[in-house]
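Down below is the structure, laid out as structure tokens.
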Number of protein chains: 2
Amino acid sequence: MATIYEVAERAGVSLSTVSRVLNGRATVNAKLKDKVEKAVRELNYRPNSIARSLASNRSDSVGILVSELNTPFFGDLMQAVESTLREADKHVVITVGHNNLKTEQDAVEFLISRNCDAIIMHVEALSDDFLIDINKNRLPIAVVNRHIDGLDQSSITLNNELGGYLATSHLIGLGHRHIAYITGPMEKRDAAQRLEGHKRALKEAGLTLNASLIYHGHYEEEDGKAGLLAFLSRNLPFTALVCGNDWMASGAMSCARDLGMSLPADLSIVGFDDVVFAHHVFPRLTTVSNPISQMAEMSARQILNTVYGHDYDVQRLFEPTLVVRESTMKNKAKS
Amino acid sequence: MATIYEVAERAGVSLSTVSRVLNGRATVNAKLKDKVEKAVRELNYRPNSIARSLASNRSDSVGILVSELNTPFFGDLMQAVESTLREADKHVVITVGHNNLKTEQDAVEFLISRNCDAIIMHVEALSDDFLIDINKNRLPIAVVNRHIDGLDQSSITLNNELGGYLATSHLIGLGHRHIAYITGPMEKRDAAQRLEGHKRALKEAGLTLNASLIYHGHYEEEDGKAGLLAFLSRNLPFTALVCGNDWMASGAMSCARDLGMSLPADLSIVGFDDVVFAHHVFPRLTTVSNPISQMAEMSARQILNTVYGHDYDVQRLFEPTLVVRESTMKNKAKS
DNA sequence: CTGTTAGCGCCTTCAG
DNA sequence: CTGAAGGCGCTAACAG
């Protein structure tokens, strides 16, 4: 690979001049500029971004830290951030945390040691204090789907409580009175908040909460099955089911069908997130939309603004909406 | 951030000694080593990998280039590569090519300029010659799901032709005689090969190929719908449908149901890839497995071997298998 | 507007 | 086994 020296030599100028035309910051005599550009072309020269980064302490790249690489949810997140940043000519370095404290810390250290200019993350394990410290002493961060007091500008959040409320209210509106709920792990803030919304909806409708109709899962498909089986074994009446995410809803649907239930006649089901397969399932899943792509875009804009001097509008609080499809219907059971 | 100088000073040794204990290559007096390690801990020192990379011309990180960030297929690919490399203490830098020549080239240049030690890629637009040149003159690459003559060691491929053959043979075995086929774009090698397999299966069974029962799509969900509608409008009999991937199969299934067809009684459908939602659809999709995770792991091993001196076994040719679920059944139509 | 001179933080010869 | 010195490729003052 050619270096900036060879370009300078071939163009007959000093390397600072080459650097100047490459970065376009200072003005350069047109003739010299042409010469340099010619030399660059002839040598097929590409600046070494590592060296540039070491010298300038900037890298024009921002780190992304997600929990998983192979789920539609994080896929949408990465996709949105990448394309937003690409438009501003920034690159993206992606790392994975696997929801594990050590791994997430390592990832952050890696991104810092790679001189990223900022980090956009969606993590659970890292503590608020750790993140505040990073943002204060190391490099700017933006956090998706989590609110951190003290990082209000950098937190892009979804009103999960409202989402849970919408899901359950929808079912109540359809005449359901006994509504089961399969929640995600309570350590996850979004899971806890969604459940809160469910409770509020019940309360406002004057329905009493039956703890036996709440099952604690881990946001995974099997939990849908396990939860449904648990409810059935308890021999309580219920005509509708809210799930903390679409995976569990899908698991519950498969299980219900395997048990010979007819959907949605025998059981109305609502999911959460509206991930890509929500409309692949049958009946198509009624669910709560999670505007993760927009939220991700906003996190990218936030970074563009604070680190690179852009001036985008950034929306920091998002409201989910109910997406009514075919997995819910009026309660036909008398009760 | 502390530098190696500060560590050296605090430990009372020279920076070369610090470098040595950090990299563990040369032997260092145990006492000095302890001192250094103590200093490292106290200062919470982290080597700057950018600087290390500039000086050593290695980065212990390998680039990944995929077409999309937000599909299960590429998600599985990234996931498998990442975890295989992580075990060997290598990092991963992910970039996206969007199936676009210019973007893919940029991505490669980016990864090279970031001093990646190698690149693992799954791309369509980049030419064989370009890749051969990169591999020869710049840095080692591994290619997933594509065979390149001259890069035989670095090509990890799937026998797509066999996959198409398996899909159609399965239907023939169920008594179907009129089998429609929705293919992916013929520019994509895998799509063309899968279709070849379909044709071979028909031929071997003594069935004639009807060009009107082939629809050209782009591997996207809507193509499944469009294809099915096209076939129906042609007023030809057909009792089964093979789709070039699961997305199109899912689109066809939704469409069929919307038209009032009963599945699989009225139409048997086979997909390809066995992506994560294949068993979410109803009826659960019979499809051809695409062992993308294993293939991705092998590509990582290949790099581990050639770049980092490991000695893993690597399998370079994979055979798909048929996954029979509930979307296919015996042909009941006489014909 | 252009060239010269120091580093950025680290690795790697080379002597000792 | 250890320290000193040079350099990776580039940017960023600083003079001129």
Side-chain angles (χ1 to χ4, degrees), chain A residues 1-37 39-40 43-61 91 109-117 138-139, chain B residues 1-37 39-40 43-61 91 109-117 138-139:
Chain A
M1 276 279 68
T3 76
I4 199 171
Y5 286 100
E6 305 174 38
V7 175
E9 188 175 9
R10 180 178 259 263
V13 298
S14 79
L15 84 177
S16 356
T17 304
V18 178
S19 177
R20 284 184 189 107
V21 344
L22 255 35
N23 295 304
R25 309 188 82 61
T27 47
V28 176
N29 180 304
K31 292 220 169 129
L32 290 188
K33 191 171 171 186
D34 285 348
K35 279 199 208 166
V36 170
E37 282 166 350
V40 165
L43 292 168
N44 192 233
Y45 167 76
R46 300 276 183 163
N48 178 326
S49 56
I50 286 289
R52 167 180 296 184
S53 176
L54 183 58
S56 70
N57 208 28
R58 296 184 314 98
S59 64
D60 283 333
S61 68
H91 274 278
E109 290 297 345
F110 173 72
L111 293 173
I112 293 177
S113 85
R114 295 294 286 182
N115 256 18
C116 285
D117 299 330
R138 312 271 228 121
L139 82 184
Chain B
M1 278 281 65
T3 76
I4 197 173
Y5 287 99
E6 305 173 40
V7 175
E9 187 176 9
R10 181 179 260 263
V13 299
S14 79
L15 85 179
S16 347
T17 303
V18 177
S19 177
R20 285 186 189 103
V21 344
L22 255 34
N23 294 302
R25 309 189 82 61
T27 48
V28 175
N29 180 305
K31 291 221 168 125
L32 291 188
K33 192 170 170 185
D34 283 350
K35 279 200 208 164
V36 170
E37 281 166 350
V40 165
L43 292 169
N44 192 232
Y45 166 76
R46 299 276 184 163
N48 178 326
S49 56
I50 287 289
R52 166 181 297 186
S53 176
L54 219 215
S56 68
N57 209 28
R58 294 186 315 97
S59 64
D60 283 332
S61 68
H91 275 277
E109 289 297 345
F110 173 73
L111 293 173
I112 294 176
S113 85
R114 297 293 286 183
N115 256 18
C116 287
D117 299 331
R138 312 269 227 123
L139 82 183

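Chain A is the first sequence line, chain B the second, and so forth, proteins listed ahead of strands; every chain is numbered from 1. We use all heavy atoms of the structure for the numbers below, so side chains are in, but hydrogens, waters and symmetry mates are not. Small disclaimer: the values here were computed from a predicted structure and weren't measured.
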Spacing between [X] atom [atom1] and [N] atom [atom2], to the nearest angstrom:
{"X": "Lys33(A)", "N": "dG3(C)", "atom1": "NZ", "atom2": "C1'", "answer": "19 Å"}
{"X": "Asn115(A)", "N": "dG9(C)", "atom1": "CG", "atom2": "P", "answer": "9 Å"}
{"X": "Asn57(A)", "N": "dG9(C)", "atom1": "CG", "atom2": "P", "answer": "7 Å"}
{"X": "Lys31(B)", "N": "dC1(D)", "atom1": "NZ", "atom2": "P", "answer": "16 Å"}

Applying side chain to side chain contact (heavy atoms under 4.5 Å, CB included), can you list everything that pairs with Glu9(A), at least two apart in sequence or on another chain? none

B/S/- contact track for nucleotides 8-16 of chain D, protein heavy atom under 4.0 Å: BBBSBB---

Let's go through Val28(A) and Thr17(A) carefully: what are the C-alpha distance in whole Å and the side-chain angles of both, what is the deciding distance for side-chain contact (heavy atoms from CB on, under 4.5 Å) to 0.1 Å, and is it a yes or a no? CA-CA 7 Å; Val28(A) 176; Thr17(A) 304; 4.0 Å; yes

Give the intermediate values and the outcome of side-chain contact (heavy atoms from CB on, under 4.5 Å) for residues Leu32(A) and Val21(A). CA-CA 9 Å; Leu32(A) 290 188; Val21(A) 344; over 6 Å; no

Phosphate OP1/OP2 of dC1(C) contacted by Thr27(A) side-chain N/O (<4.0 Å):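 True: Thr27(A) side-chain N/O within range (under 4.0 Å) of dC1(C) OP1/OP2.
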
Could you walk me through whether Arg114(A) and Glu109(A) pass side-chain contact (heavy atoms from CB on, under 4.5 Å), step by step? CA-CA 8 Å; Arg114(A) 295 294 286 182; Glu109(A) 290 297 345; over 6 Å; no

What donor-acceptor contacts under 3.5 angstrom involve side-chain atoms of residues 44-53 of chain A, with partners at least two apart or in another chain?
from	atom 1	to	atom 2	distance (Å)
Asn48(A)	OD1	Ile50(A)	N	2.7
Asn48(A)	OD1	Ala51(A)	N	3.1
Ser49(A)	OG	Ser113(B)	O	2.9
Ser49(A)	OG	Ser113(B)	OG	2.8
Ser53(A)	OG	Arg58(A)	O	3.4
Ser53(A)	OG	Asn115(A)	ND2	3.0

I need the Arg138(A) CZ to Leu111(A) CG distance, nearest 0.5 Å. 11.0 Å

